[in-house]
Amino acid sequence: MKKLLFAAIALLVGLTSCDQKGYSIVGTVDSTFNLDGQMVYLQLSQDSILDSTEVKNGVFAFTGTSVDTAKLAYIVPTQSENSPRSLVVILEKGVITAKLGEEAAQGTALNNAAYEYYGKTGKLMESFNQKLEVVKADTAMSDSAKQTLIEEEYMKVSKEQTKISFDLFKEHTDDALGALMMLQIIRNESPESDIIAEARKMAAPIVLNNPMIAPRLKAIDMLFESQPGKKAKDFEGVDAEGNAVNLYKYVGQGNYALVDFWASWCGPCRREIPYIAKAYEKYASKGLQVVGIVVWDKLEDHIKAASELNVVWPQIIDNTKEGATLYGVNGIPMIILIGPDGTIVERDLRGEKILEKLEGIYAAKK
């Protein structure tokens, strides 16, 4: 089997090495995964698939005829319970080797730099995980002390990862590797981070317009535009029957409104429903509007969850993702309280804080 695998790789490299106007990706699969007969996809983003091919004898290949500008892409295996994670690959001229089960491809200048980067950050996480096991095994330490120490250690690792990412980004502000580093910085930092702001100022259009980055930067901008004191923005979605419905049907109409961005598959979202239900039961008669905004979900799954959880207040299905974008929602649940005039009062309310906030408002109105 190994001889067959090496022969297949050698043949692929031989066939592609004559013409270097484009890229040639020679792919293999880590022996711990069996992907034979399954499809793998070459994607620029979740919604942009460039190519697909089938894994045969642990080998796959992609080719591109020409590359004017290197592009950040991903090799994505068919998702199953035991499938490897997506692999980062930069599409640039030359022969690229990619092994599913690893973080990144190799073989060309930018890919080699990305591979080295993941090696450095991987060692950081490996060290963190070792410390994590030691802390967990410490029977003399309380659970709260363990949690505090774990959080402190994770923050150290996160800070070091950001430094490595930003240092490499500064050397690649106008190419695909810079786009990858920008993406890592955004994922690792809070939206208000000075490092994100500095990186945006330095980044060339090829980075800022990357399909994985542009929506995230827009979400950050929208997050700042939907902070307390800002006016709530209207958007149109649909109800469960497919009828168009606007947020302003419930918001800015003279009453307070509790707006819950959620999805059926989201465990933390489901755990917030009882608190929202209490708020609805207690304050709806006093004018409180409660509305759920269904994001990143399937209609049938939403309907089932709403029935199981006894969600009786209005729901807007954010079928175009406009609502999540306008309110800078990158994670759920996101529960927002909006005032009678449409001014945002508070974001990211959770649990008992929802009821405490409303109690204070309606007690003052007596």
Side-chain angles (χ1 to χ4, degrees), residues 20-25 42-50 62 64 66-76 85-98 102-125 155-225 325 328 330:
Q20 293 302 305
K21 294 180 181 178
Y23 62 84
S24 302
I25 300 174
L42 184 61
Q43 301 181 194
L44 294 178
S45 67
Q46 185 175 358
D47 301 320
S48 178
I49 298 176
L50 291 178
F62 295 106
S66 63
V67 178
D68 294 326
T69 304
K71 292 182 173 65
L72 175 61
Y74 302 85
I75 298 175
V76 183
R85 68 178 67 187
S86 299
L87 178 143
V88 172
V89 58
I90 295 175
L91 305 180
E92 61 178 336
K93 190 190 307 183
V95 178
I96 301 165
T97 58
E102 295 184 341
E103 295 278 2
Q106 301 182 72
T108 60
L110 294 181
N111 280 297
N112 288 342
Y115 189 87
E116 182 180 346
Y117 163 83
Y118 279 110
K120 290 179 180 178
T121 56
K123 286 180 181 178
L124 285 175
M125 286 308 301
M155 289 303 296
K156 290 178 184 177
V157 170
S158 180
K159 185 176 180 179
E160 184 61 26
Q161 284 181 326
T162 295
K163 182 182 184 305
I164 293 171
S165 302
F166 190 55
D167 286 346
L168 188 53
F169 169 78
K170 287 185 288 188
E171 299 174 8
H172 295 271
T173 57
D174 60 352
D175 63 27
L177 182 58
L180 176 61
M181 292 304 102
M182 182 73 166
L183 191 57
Q184 296 298 101
I185 292 167
I186 292 172
R187 286 171 171 167
N188 218 35
E189 291 288 296
S190 59
E192 66 275 11
S193 165
D194 290 338
I195 294 177
I196 293 179
E198 188 175 351
R200 290 183 76 167
K201 291 177 183 177
M202 298 171 65
I206 189 174
V207 172
L208 298 175
N209 296 330
N210 178 277
M212 294 287 285
I213 294 172
R216 285 173 166 81
L217 293 179
K218 185 176 181 181
I220 289 173
D221 293 338
M222 291 299 101
L223 174 62
F224 289 123
E225 288 300 314
T325 299
N330 284 319

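Predicted, not measured: the structure shown is a model, and the values here were computed from it.
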request  = Hey, could you give me the NZ/OG1 distance between Lys93 and Thr69, rounded to the nearest 0.5 Å?
outcome  = 11.5 Å
message = Any heavy-atom pair between the side chains of Met181 and Lys170 that's under 4.5 Å?
response = no
note = Nearest heavy-atom contact between Leu42 and Ala73 is CD1-CB, 4.2 Å
request  = Answer yes or no: is there a side-chain heavy-atom contact under 4.5 Å between Leu50 and Gln43?
outcome  = no
Approximate separation, where rounding is to 0.5 Å, of Ile25 CD1 and Ile96 CD1 = 5.0 Å
task = Find out whether Leu44 and Lys71 are in side-chain contact, i.e. whether some heavy atom of one side chain is under 4.5 Å from a heavy atom of the other.
result = yes
inquiry  = One pair to check against side chain to side chain contact (heavy atoms under 4.5 Å, CB included): Asp175 and His172. What are the steps and the verdict?
reply    = CA-CA 6 Å; Asp175 63 27; His172 295 271; 2.7 Å; yes
remark   = In this structure, CD1 of Ile90 is separated from CG of Asn112 (nearest 0.5 Å) by 10.0 Å
message = Set out, in order, the CA-CA distance, both residues' side-chain angles and the distance that settles side chain to side chain contact (heavy atoms under 4.5 Å, CB included) for Lys163 and Glu160, then state yes or no.
response = CA-CA 5 Å; Lys163 182 182 184 305; Glu160 184 61 26; 4.3 Å; yes
message = As an exercise, state the distance from CD1 of Ile195 to CG of Asn188, rounded to the nearest 0.5 Å.
response = 9.0 Å
inquiry  = Quick check: closest heavy atoms across Leu183 and Met212, and the distance to 0.1 Å?
reply    = CD1-O, 3.7 Å
task = Kindly compute the distance separating CG (Leu217) from CD1 (Ile196), expressed to the nearest 0.5 Å.
result = 8.0 Å
key: Atom pair CE/CZ of Met202 and Phe169 - distance to nearest 0.5 Å   = 5.5 Å
ask   = So does Asp221 pair up with Arg200, basic N to acidic O under 4.0 Å?
value = yes
query = Within a reach of under 6.0 Å around CZ of Arg85, are more than 12 heavy atoms found that belong to other residues, nucleotides or ligands?
reply = no
query = Side chains of Thr162 and Glu189: donor-acceptor distance under 3.5 Å anywhere?
reply = yes
request  = Without swapping roles, check the side chain of Asn210 against the backbone of Ala179 for a donor-acceptor pair under 3.5 Å.
outcome  = no
query = So do the side chains of Leu180 and Leu110 get within less than 4.5 Å of each other, counting heavy atoms only?
reply = no
message = I need the minimum non-hydrogen distance between Leu87 and Ala98, along with the two atoms involved.
response = CD2-CB, 3.8 Å
Ile213 vs Val207, side chain to side chain contact (heavy atoms under 4.5 Å, CB included): CA-CA, chis, key distance, verdict = CA-CA 7 Å; Ile213 294 172; Val207 172; 4.1 Å; yes
remark   = Nearest heavy-atom contact between Glu192 and Phe224 is CA-CZ, 3.6 Å
key: Residue pair Ser165, Tyr117: steps toward the side-chain hydrogen bond (donor to acceptor under 3.5 Å, both in side chains) verdict   = CA-CA 8 Å; Ser165 302; Tyr117 163 83; 2.7 Å; yes
task = Using the side chain to side chain contact (heavy atoms under 4.5 Å, CB included) rule, take Gln184 and Tyr118 through it: C-alpha gap first, then chi angles, then the decisive distance, then the call.
result = CA-CA 11 Å; Gln184 296 298 101; Tyr118 279 110; 4.1 Å; yes
ask   = Do the side-chain N and O atoms of Glu92 and Thr108 include a donor-acceptor pair separated by under 3.5 angstrom?
value = yes
note = Tightest non-hydrogen contact, residues Ala70 and Ile206, listed as O-CD1, 4.0 Å
request  = Determine whether more than 12 heavy atoms belonging to other residues, nucleotides or ligands lie under 6.0 Å from atom NZ of Lys218.
outcome  = no
